[in-house]
Amino acid sequence: MDRGKPALIAAPLAERQRSMVGVIDIGSNSLRLVLYDRISRAPKILFNEKVMCALGRGLNSSGRLNPEGRVLARDNVERFVMLSRQLGVGQLDILATSAVRDATDGPAFVAEIERRCGVVVTVIDGMREGRLSASGVRAGIPDADGITGDLGGGSVELAMTGAKAAGLVASLPIGPLRLIEASGDDSRPRAAVDQAVASLPWLAQARGKPFYAVGGTWRALARLHMEQTGYPLHVIQNYQLPRTEAENFLEVISRLSRRSLEKVTGISRKRLETVPLAAYVLYRLIRTIQPSEVVFSAYGLREGHLFELLSPDKQRQDPLLVACEQIAGDNPRFGAGGEELVGWTDPLFAGETKAQHRLRRAAALLSDIGWGEHPDYRDEQVFTHCLRMPVPGIDHAGRVFIAVALQARYGGDADAAVMADPRRLLDEVDFARARTVGLAFRLGYTLTGGAPSLIGKTAVALDATTVALTIPEHTAIYTGEAVQRRLDALGRSLGRRTIVQTEETQPPPAKKRAGRGG
């Protein structure tokens, strides 16, 4: 028996434990623990558990935390702390928001947790909460430029959001749990919401820009809209609704009774009573601000907290490319070769935009992730994985583009059933381009057997009529039926004939005519 092997196996786990970071978020409605693999531009979630405690229920009238919710929250915070310690989490941060900071017994609640668990609880004010939520949106949508709204049980935090945001932040006491107490007369919630929103004249600066919706109940509304419209991709992050469509949907939901909502799939029973008021708050905000669209963000306060722990240089990293590099590095075959594949295929895509190049680069980084799948299902498995992967920095059309490209890279058919619904999110030009990208990658892997170091000995070129593959002289490794077949498939995708030539036989470059006065 090799007695040294257990230590070798345990070493990577010990390293991961040291890098793990946990965030316990004590909100007005819910309590949540999320464990991340590291503090990075694209942290991976290792554990996520939520408990609906409703700490803020009755706070308006009593000024105190909900007694039942307080006990539930205390006991589950203790569980979360003990679990994090057992898992070896290197850093655990506990953040408390609206209910705890507003309740008269909030300090006593915090002191009890700190005493029982031996931890520090940070109670953040409304301004800080708004800024963290906006940072969370930017962590997931780097080019975000508009206004972030984070709906909690007791409050809504609003913050101008963008690389050059003006620092305008506000916290409004119009969370659903507070409004429930004032809902005996239908005019009272409306008056409370409108009065709070009217107190912020700077909201006009966000007119015509996106509104980024953060918070569990608003995410529930996004899921409900997906269900009702048959949307083909159930990914909340970056789900977008035009303003008029959002207004019409939210107005209807805000008028539904609990009994009506119980018949609707996709909503947690514990959120049923808060959904209509959450819809109403978002509806009034949209009516007032008049954004271009509503963009739902799965990234919020917790991700914003991690984002602000990064150095400025790391904050500027592209989260999509960082995530793709991490995914590719988790299970490599012959070593990462995405960047070499990008350079090799550059001549085929000379006119692409910066955004198109970015997606091709992301697809290249992921282009060998299916090597360990069953060969009969690789194309389908990789398509589904890329479509739904939990990565930041990409919209839904971009997800479909990468998924289509890699489905083609693994030999998938253009009319495969798995792509029928999702491809609706991509126009025909981009669909064809994604297929071409994937077919180029497929040729590259055929030439090299998956070893990226070999790709640089060949080259592809494109002109008005031809796709040319140039290979070294006397190298049978780069010729054969499979190479020709996949080169021809690439040629058909580009509408060109194909040729294979050696370095010695390719035509010399045309001589430039000397200019006058040269």
Side-chain angles (χ1 to χ4, degrees), residues 321 324-325 328-329 331-352 356-372 375 378-379 382 401-402 404-412 414 432-511:
L321 299 181
C324 290
E325 288 174 353
N331 188 26
R333 182 167 47 151
F334 299 125
E339 296 295 352
E340 291 168 299
L341 201 57
V342 172
W344 187 76
T345 55
D346 276 346
L348 302 176
F349 304 99
E352 69 187 355
Q356 289 171 333
H357 177 81
R358 177 175 180 263
L359 286 179
R360 179 164 63 89
R361 187 178 171 193
L365 291 169
L366 297 173
S367 58
D368 204 31
I369 61 171
W371 72 268
R378 280 180 187 146
D379 60 320
V382 170
F401 183 95
I402 292 174
V404 169
L406 295 194
Q407 190 261 4
R409 174 264 183 271
Y410 282 103
R433 176 185 168 78
R435 292 276 306 169
T436 300
V437 168
L439 292 172
F441 292 169
R442 185 164 175 78
L443 173 62
Y445 276 99
T446 302
L447 286 166
T448 66
S453 60
L454 300 179
I455 196 73
K457 298 179 181 180
T458 68
V460 287
L462 181 71
D463 63 25
T465 61
T466 306
V467 179
L469 170 64
T470 301
I471 61 174
E473 182 67 281
H474 305 305
T475 47
I477 188 175
Y478 295 116
T479 60
E481 187 273 338
V483 171
Q484 187 64 56
R485 176 160 38 90
R486 289 171 185 177
L487 176 62
D488 289 343
L490 176 61
R492 287 191 296 273
S493 180
L494 289 165
R496 265 75 162 181
R497 66 185 183 90
T498 62
I499 61 170
V500 178
Q501 59 194 17
T502 64
E503 293 173 345
E504 288 77 7
T505 60
Q506 64 178 317
K511 294 183 179 179

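- At least one side-chain heavy atom of V483 sits less than 4.5 Å from a side-chain heavy atom of L443.
- The shortest non-hydrogen separation linking S493 to A432 is OG-O, 4.3 Å.
- Side-chain contact check for L462 versus F349: every heavy-atom pair is 4.5 Å or farther apart.
- What you find for G491 and V467 is that their closest heavy atoms are CA-CG2, 4.2 Å.
- For the side-chain contact (heavy atoms from CB on, under 4.5 Å) with L348, the lone residue among L439, L490, T436 that qualifies is L490.
- Distance CZ/R433 to CG/L494: 10.0 Å, rounded to 0.5 Å.
- Counting only distance, with no hydrogens or angles, the side chain of Y410 and the backbone of V382 share no donor-acceptor pair below 3.5 Å.
- Counting only heavy atoms from C-beta outward, the side chains of R361 and L321 approach each other to under 4.5 Å.
- In this structure, the side chains of I402 and V404 stay at 4.5 Å or more apart for every pair of heavy atoms.
- Between L365 and A328 the shortest heavy-atom distance is O-CB, 3.1 Å.
- With hydrogens and angles disregarded, a donor-acceptor distance shorter than 3.5 Å links the side chain of R360 to the backbone of V342.
- With hydrogens and angles ignored, the 3.5 Å screen pairs no side-chain donor or acceptor of T466 with any backbone N or O of A468.
- Side chains of E339 and E325 form a contact here, defined as non-hydrogen atoms less than 4.5 Å apart.
- Using a 4.0 Å cut-off between charged nitrogen and carboxylate oxygen, D379 and R442 do not count as a salt-bridge pair.
- At least one side-chain heavy atom of S367 sits under 4.5 Å from a side-chain heavy atom of L341.
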Take V500 and L487 through the side-chain contact (heavy atoms from CB on, under 4.5 Å) test and state the conclusion after the steps.
CA-CA 9 Å; V500 178; L487 176 62; 3.6 Å; yes
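- R333 places no side-chain N or O within 3.5 Å of a backbone atom of W371 that could act as its donor or acceptor partner.
- A salt bridge links R409 with D368: at least one charged nitrogen is closer than 4.0 Å to a carboxylate oxygen.
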Can you list the steps and then say if R497 with D463 is a salt bridge (Lys or Arg N to Asp or Glu O under 4.0 Å)?
CA-CA 10 Å; R497 66 185 183 90; D463 63 25; over 6 Å; no
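- Annotation: side chain of L447 is not in contact with side chain of R486 (no heavy-atom distance under 4.5 Å).
- Side-chain contact between T458 and T470: absent, with no pair of heavy atoms (C-beta onward) separated by less than 4.5 Å.
- One finds the CZ atom of R485 at 8.0 Å from the OG1 atom of T446 (value rounded to the nearest 0.5 Å).
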